[in-house]
Number of protein chains: 2
Amino acid sequence: MTPDPADLLLFARIVEAGSFVRAAERSQLPTSTLSRRLSALEEQLGERLLLRTTRTLTLTDFGAAVLEHARQIEQETAAAQALAEHRQQAPSGTLRVSMPNDFAAHLLAPMLAEYGQRYPEVQVLLDLSPGRVDLIAEGYDLVIRMGALPDDASLVARRIWNYCPGLYAAPAYLAQAGIPAHPADLEHHRLLCLLARSGDPVSWELQFGEERYTPQVAARLAVNSPDMLLRLAEQGLGIVGCSPVFAASRLESGRLQPVLPGWRLPMVTGWAVYPGRRLLPLKTRAFLELLEAFLSFAR
Amino acid sequence: MTPDPADLLLFARIVEAGSFVRAAERSQLPTSTLSRRLSALEEQLGERLLLRTTRTLTLTDFGAAVLEHARQIEQETAAAQALAEHRQQAPSGTLRVSMPNDFAAHLLAPMLAEYGQRYPEVQVLLDLSPGRVDLIAEGYDLVIRMGALPDDASLVARRIWNYCPGLYAAPAYLAQAGIPAHPADLEHHRLLCLLARSGDPVSWELQFGEERYTPQVAARLAVNSPDMLLRLAEQGLGIVGCSPVFAASRLESGRLQPVLPGWRLPMVTGWAVYPGRRLLPLKTRAFLELLEAFLSFAR
DNA sequence: AATCATTATTCCACCAATGGGACAATTCCA
DNA sequence: TGGAATTGTCCCATTGGTGGAATAATGATT
């Protein structure tokens, strides 16, 4: 059996302190423990390390040889602790984040800039692939996804954002197909739908305050990229349902305009998913905090 | 509080094994312990080291940083153990021995040669000062002394040799002063006495089998070196009492001859004194074994 | 020389860590 | 698709180690 490195560490401390009692004071341990542990270590190694008198401790030359290794152990444990403490104060390392492309482009660009400036020691690796990634297997620290969250017990999902998509279309399209006055009118329109990952069709369950209405329509086109969806709507392909935030720039420039204002699609929730509930790396915690701060503005 | 190096070592083992179960098998520990200890370590360091799924373990980049130090600790403990095991097989280091000059010259020269040849890794430091040395304070591994042994509880004395001094004188001296036929005759002779360390006079309590006789004489000369004593006797200064072994060479060459053959002085015991009762360094144990082997020949 | 202060060791009641088992979850295999 | 095997975590009775106090012993001091 290999010796307990903790005992070797204690041995180093005893030698440094020069006596059992001083080592006990520094280590916050009773002298009895030190005495017992050292004896056990000697027993295990099969040779004495220290010759002890009540007044003096002298190293065996075997003890001197072992002491070198014991000091190394002491130094390495201290290094490990220092590493941890440094982490506690300044986030560092590599942060691997995966999030939808549009989410990053429309909402997170300034936030990412701020994060990079505030924590220069963290290297951010941003993945914008739309598909879900295996958080742990692929080594991601954080994954942001819209809609359905993965029910993985080892993962923790945190609600970071939500929105109720509104309906938007290009003025040219509305001039040609007419402006709907009620959800029921949508049955005669071309609807552009965001393709859910699960592949099942999205129901257009519209609501306006307490009032609800679900037109019996099928989407004419489904894409898995909100940005592409908006671009298609801009080209006059139909009516799109998406977040007001995403549509904002096109609304301002007049390339899109609201349809059935006040009516909203069901709430979509954005989740931040990360492994484990506690002991989150500081870099991740910092990212989440900054994320929430920015999203509370964008709400 | 600094982390427990034993936990860091376990962490390294888990990473090497690739799973908790395999690490448990190798370490002869239950998986529950490994799981708990690793969690405790993470708790203490404040950040996760391993992301665990039932099927895969992946290192955090913090974990990767800590792992380096953990591996060092593993290596150092192994080195310490190897050191001990190597000691078990091949004595090494420095052996500090103190013994009387004459004891070394007449009895131990071949034994020391044999020891040096058999254990080349041991550097022997031989002290031939006649006075008693403080075993522990001066760092001696072994002290050989003739006569009274120190009653020190922390020291262990082992009887290694004993002899009954005989009487010897130079032929020239005997021709001049006459050959004693009975111990009582010694009262008219010059007696050369070995100076005891305590300084008190040595009584010439002669015995021959069961017969005892103590001539009322005082030594004319006292020296604390048996060899010098013999040399003085050789010069015809008087009758000396010393070990037959010490006198052997001079008896063979005829420079000395026995006086009152059969009569002997009281037994003198030689002691080997060393610190502690068990866990004797192998170099010391080897020395003692060889010592006893040689002295059993010289008896 | 004798006493005192200091130090390492020993003893024993007690507590915390252990480890065997059950459990939940996941991946592999048919 | 469904079981089977494997894996990490949790639970709780049990044990080994802990730590406070007494003991033995040593070196300095008066």
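Order of the sequence lines fixes the chain letters, A, B, ..., with proteins taken first and strands second; residue numbering starts at 1 for each chain.
Residues forming a side-chain hydrogen bond (donor to acceptor under 3.5 Å, both in side chains) with A/Glu16 (at least two apart in sequence, or on another chain): A/Arg71. Residues passing the side chain to side chain contact (heavy atoms under 4.5 Å, CB included) test with B/Asp61, sequence neighbours excluded: A/Arg87, A/Thr94, A/Lys283. For B/Ala65, the side chain to side chain contact (heavy atoms under 4.5 Å, CB included) partners at least two apart in sequence or on another chain are A/Leu83. Listed by chain and number, the residues in a side-chain hydrogen bond (donor to acceptor under 3.5 Å, both in side chains) with B/Asp102 amount to none (sequence neighbours excluded). Qualifying side chain to side chain contact (heavy atoms under 4.5 Å, CB included) partners for A/Pro5, counting only residues two or more places apart in sequence or in other chains: A/Ile73, B/Pro5, B/Ala6, B/Leu9, B/Ile73, B/Thr77. With sequence neighbours excluded, the residues satisfying ring-ring contact (aromatic ring centres under 6.0 Å, His included) with B/Tyr115 are B/Tyr119, B/Phe287. Scored by the ring-ring contact (aromatic ring centres under 6.0 Å, His included) test, A/Phe62 finds no partners at all (sequence neighbours excluded). Residues satisfying the side-chain hydrogen bond (donor to acceptor under 3.5 Å, both in side chains) criterion with A/Glu76, sequence neighbours excluded, are B/His69.
Of the side-chain N and O atoms in A/Thr31, none sit less than 4.0 angstrom from OP1 or OP2 of C/dA8.
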Polar atoms only, N or O, under 3.5 Å: list the protein pairs with nucleotides 12-16 of chain C and their distances.
none

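Mapping A/Arg55 and A/Arg37 onto DNA chain D by nearest heavy atom places A/Arg37 closer to the 5' end of the strand. The residue among B/Leu34 and A/Leu29 whose nearest nucleotide of DNA chain D lies closer to the 5′ end is B/Leu34.
The distance between atom CG of A/Leu41 and atom P of C/dA8, rounded to the nearest whole Å, is 17 Å. Counting to the nearest Å, the P atom of D/dG17 and the CG atom of A/Asp4 are 11 Å from each other. Rounded to an integer number of Å, the gap from CD of A/Glu43 to P of C/dT9 is 13 Å. Nucleotide C/dT27 holds its P atom 13 Å from the CG atom of B/Leu57, rounded to whole Å. Summarising the geometry, the separation between CD on A/Glu42 and P on C/dA8 is reported as 13 Å, rounded to the nearest angstrom.
Contacts between residues 7-26 of chain A and DNA chain D, counted as heavy-atom distances below 4.0 Å, involve no residue at all.
Five base pairs at each end of the helix from C/dA1-D/dT30 to C/dA30-D/dT1 define two local axes, and these are offset by 30° (rounded to 10°).
Among pairs with a residue in residues 18-34 of chain B, those fulfilling side chain to side chain donor-acceptor pair (under 3.5 Å) read B/Arg13-B/Ser27, B/Ser19-B/Arg22, at least two apart in sequence or across chains.
A pairwise comparison of heavy atoms in A/Val268 and A/Met146 identifies CG1-CB, 4.3 Å as the closest pair.
A salt bridge links A/Glu42 with A/Arg52: the distance from a Lys NZ or Arg NE/NH1/NH2 to an Asp or Glu carboxylate oxygen falls below 4.0 Å.
Closest to the side chain of A/Ser32, from the set D/dG20, D/dG8, D/dC11, is D/dG20. Distance from the side chain of B/Thr33 is smallest for C/dT18 among the nucleotides C/dT18, D/dT9, C/dA8.
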